[in-house]
Amino acid sequence: MSQEGHKDHQGQQPPEPLPVHPAIIQKASKTRMSGDLSLDINIKEPRWDQSTFMGRAQHFFFVTDPRNILKSSETLEDARVTVEKYRLGVVKPGLTEDELWRAKYIYDSAFHPDTGEKMVVVGRMSAQVPMNMTITGCMLTFYRTTPAVVFWQWVNQSFNAVVNYSNRSGDAALTTNQLAGAYISATTGAVVTALGLKSLAKRLPAVMSRFVPFFAVAAANCINIPFMRQRELKYGIPVTDEEGNRLGESVTAAKSGIIQVVVSRIGMAVPAMAIPPVIMNALEKKAFMKRFPVLNAPVQVGLVGLCLVFATPLCCALFPQKSSMAVSSLETDLQERILHSSPHTTTVFFNKGL
């Protein structure tokens with residue numbers, strides 16, 4: 001709170017109260033007395049301007065921070081309570097603005113934005129770097145035999161299935177049968193694609209075969225994400241007005257969100273799966289790597305991790321998580337409902353997922 005605001009609160013006569021119910025005024029007064037933090041901070045939105053790439057990048061560097069997966073259940077619960085109470089107008093005594101934002105980002109790293117449910121650890125975006133660096137490093141290391149390709153592609157797509165489901169858009173869950181069907185379809189399609197690309201790579205130079213995992217992952221993302229989010233493609237995702245009022249569900253918005261996520265995921269894979277193979281191809285010709293071949297896997301995993309630390313948040317930032325779409329681009333029946341219920345709304349917003 002500014003010095004001027006603090007002076008008004010301490011020493012000047014407060015302005016004439018607005019015609020609000022006395023109980024609400026009393027609650028707000030007690031809340032402000034219990035802590036120095038203003039109630040005007042909008043923690044429903046990220047801390048940085050999401051209309052710019054740099055603002056989104058700063059946001060996602062915090063969301064994807066691998067240290068968040070080390071937070072204890074007590075820390076996560078404390079962050080949840082702090083955020084939810086603040087949204088209700090209750091400020092914990094002594095809470096600062098930085099502490100509030102820290103709680104919000106801890107909360108955002110573990111809880112789904114639409115359902116509020118706590119996500120499994122490996123499904124959180126903060127798990128992307130440590131999980132992907134291990135799996136991708138192994139995929140790039142053990143790519144020569146068919147069993148190794150099948151195993152690591154299956155591991156990768158199983159992990160992706162968990163991430164895609166955990167970070168879906170909307171608040172409707174898949175049934176167990178739908179989830180099982182989506183998982184089997186996604187992983188099978190991805191593994192078959194990888195094997196097909198591996199057979200084609202036999203006719204290419206040796207260095208090109210190192211890129212088979214990347215092309216397989218890129219193709220698999222085009223299969224895995226739509227399958228794991230197939231309910232959105234069938235029933236749509238919630239769209240809201242600028243104030244967050246729900247206006248209906250849109251399949252068109254779901255398609256737009258899924259396409260953006262596919263592009264982002266492929267973008268994440270580019271540096272992590274394209275740069276290390278080139279470096280490793282050069283390193284393996286060196287005497288020390290020939291003398292200590294056991295270093296191959298750890299060096300590859302380390303290179304992948306270094307790329308992912310930057311690629312993950314930067315590619316998440318390619319598109320705003322709270323995407324928008326003109327009402328005129330939506331389904332005709334939904335346009336008519338919005339025109340009837342909210343005639344002044346020209347743009348709708350939706351969570352594209354991650």
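Predicted model, so just to flag it, every value in this text is computed and none were measured.
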Roughly how far, to the nearest 0.5 Å, is CE of Met268 from CG of Leu318? 8.0 Å
Side chain to side chain contact (heavy atoms under 4.5 Å, CB included) between Leu334 and Val239: does it pass, once the steps are laid out? CA-CA 10 Å; Leu334 181 55; Val239 294; 4.1 Å; yes
Is there a path from Ile184 to Val162 through hydrophobic residues (I, L, V, M, F, W, Y) whose side chains come within less than 4.5 Å of each other? yes
Residues passing the side-chain contact (heavy atoms from CB on, under 4.5 Å) test with Tyr235, sequence neighbours excluded, are Arg231
Is a donor on one side and an acceptor on the other found under 3.5 Å between the side chain of Gln335 and the backbone of Ser328? yes
Contacts of Thr346 that satisfy side chain to side chain donor-acceptor pair (under 3.5 Å) - sequence neighbours left out: none
Those residues that, when tested against Glu77, pass salt bridge (charged side-chain N to carboxylate O under 4.0 Å, His left out) (two or more places apart): Arg80
Can you list everything that forms a side chain to side chain donor-acceptor pair (under 3.5 Å) with Asp78? Sequence neighbours excluded, please. none
Check side-chain contact (heavy atoms from CB on, under 4.5 Å) between Pro298 and all other residues, then give those that pass, not counting sequence neighbours. none
Rounded to the nearest 0.5 Å, how far does CH2 of Trp152 lie from CZ of Phe159? 12.5 Å
Using a strict cut-off of less than 4.0 Å between a Lys/Arg side-chain nitrogen and an Asp/Glu carboxylate oxygen, indicate whether Glu74 and Lys71 qualify as a salt bridge. no
How far apart are the C-alpha atoms of Val251 and Lys234, what are their side-chain angles, what is the distance that settles it, and do they pass the side chain to side chain contact (heavy atoms under 4.5 Å, CB included) test? CA-CA 7 Å; Val251 171; Lys234 186 175 182 181; over 6 Å; no
So which atom in Ala110 and which in Leu76 form the shortest heavy-atom distance, rounded to 0.1 Å? CB-CD2, 3.8 Å
Give every donor-acceptor pair under 3.5 Å between a side-chain atom in residues 58-65 and any protein atom, sequence neighbours left out.
| unit_1 | atom_1 | unit_2 | atom_2 | d |
| --- | --- | --- | --- | --- |
| His59 | ND1 | Tyr105 | OH | 2.7 |
| Thr64 | OG1 | Phe60 | O | 2.6 |
| Asp65 | OD1 | Arg67 | N | 3.0 |
| Asp65 | OD1 | Arg67 | NE | 3.2 |
| Asp65 | OD2 | Arg67 | NE | 3.1 |
| Asp65 | OD2 | Arg67 | NH2 | 2.7 |

Donor-acceptor pair, Ser329 side chain versus Met325 backbone, under 3.5 Å? no
Just by distance, do the side chain of Glu331 and the backbone of Ser250 share a donor-acceptor pair under 3.5 Å? no
Lys352 versus Ser256: any side-chain heavy-atom pair under 4.5 Å? no
Atom of Ala79, atom of Ile106 and distance for their closest heavy-atom approach: CB-CG2, 3.8 Å
Within the supplied structure, the quantity of interest is the number of heavy atoms (other residues, nucleotides, ligands) at a distance under 6.0 Å from Phe310 CZ; does it exceed 12? no
In the single-linkage hydrophobic clustering (I, L, V, M, F, W, Y; side-chain heavy atoms under 4.5 Å), do Val81 and Val91 co-cluster? no
Please list all pairs passing the salt bridge (charged side-chain N to carboxylate O under 4.0 Å, His left out) test where one or both residues lie in residues 257-280, with sequence neighbours left out. none
Closest non-hydrogen contact found for Gly305 with Met133 is CA-CB, 3.6 Å
How close do Pro238 and Arg246 get, counting heavy atoms only, and between which atoms? CG-NH2, 3.4 Å
Apply side chain to side chain contact (heavy atoms under 4.5 Å, CB included) to Asn156 and Ile135, showing your working. CA-CA 6 Å; Asn156 186 50; Ile135 296 172; 3.7 Å; yes
Verdict with reasoning, Val327 to Thr345, per side chain to side chain contact (heavy atoms under 4.5 Å, CB included): CA-CA 8 Å; Val327 171; Thr345 299; 4.2 Å; yes
Output the distance between atom CD (Glu249) and atom CD1 (Ile237), rounded to the nearest 0.5 Å. 9.5 Å
State plainly whether one hydrophobic cluster holds both Leu314 and Met54, where clusters connect Ile, Leu, Val, Met, Phe, Trp and Tyr through side-chain heavy atoms under 4.5 angstrom apart. yes
Who are the salt bridge (charged side-chain N to carboxylate O under 4.0 Å, His left out) partners of Asp108, not counting sequence neighbours? Lys104
Please name all residues satisfying side-chain contact (heavy atoms from CB on, under 4.5 Å) with Ile279, sequence neighbours left out, ordered by chain then number. Ile275, Leu283, Leu303
Do the side chains of Glu99 and Arg102 get close enough for a salt bridge, i.e. N-O under 4.0 angstrom? no
Counterpart residues, side-chain contact (heavy atoms from CB on, under 4.5 Å), relative to Ile41 (two or more places apart): Leu37, Ile43, Tyr86, Glu97, Leu100, Trp101
Should Ile259 and Ile266 be counted in the same cluster of Ile, Leu, Val, Met, Phe, Trp and Tyr side chains packed under 4.5 Å apart? no
Quick one: NE2 on His112 to OG on Ser166, what's the gap to the nearest 0.5 Å? 8.0 Å
Kindly give the heavy-atom pair with the smallest separation between Cys307 and Pro271, and that separation in Å. SG-O, 3.5 Å
Are any side-chain N or O atoms of Gln50 and backbone N or O atoms of Trp48, one a donor and one an acceptor, separated by less than 3.5 Å? yes
Less than 4.5 Å apart, any side-chain heavy atom of Glu84 and any of Leu88? no
Qualifying residues under salt bridge (charged side-chain N to carboxylate O under 4.0 Å, His left out), relative to Arg87, sequence neighbours excluded: none
Linking I/L/V/M/F/W/Y whenever any side-chain heavy atoms sit under 4.5 Å apart, do Val163 and Ile69 land together? no
Answer yes or no: is there a side-chain heavy-atom contact under 4.5 Å between Asp98 and Arg47? yes
Rounded to the nearest 0.5 Å, what separation is found between the CG atom of Leu247 and the CD1 atom of Ile338? 5.0 Å
Can you pull out every salt bridge (charged side-chain N to carboxylate O under 4.0 Å, His left out) where at least one residue sits in residues 301-327? Sequence neighbours excluded, please. Glu45-Lys322
side-chain hydrogen bond (donor to acceptor under 3.5 Å, both in side chains) between Ser51 and Asp49: does it pass, once the steps are laid out? CA-CA 6 Å; Ser51 65; Asp49 181 7; 2.7 Å; yes
Where do Ser126 and Ser109 come nearest, in terms of heavy atoms and distance? OG-O, 4.1 Å
Here the gap from Phe350 atom CZ to Ser324 atom OG, rounded to the nearest 0.5 Å, amounts to 7.0 Å
Taking atom types as modelled and ignoring hydrogens, do the side chains of Gln260 and Ser323 form a donor-acceptor contact shorter than 3.5 angstrom? yes
Does any part of the side chain of Cys316, heavy atoms only, come nearer than 4.5 Å to the side chain of Ser264, both counted from C-beta? no
Geometric class of the Tyr107/Phe111 ring pair [parallel <30°, tilted 30-60°, perpendicular >60°]: parallel
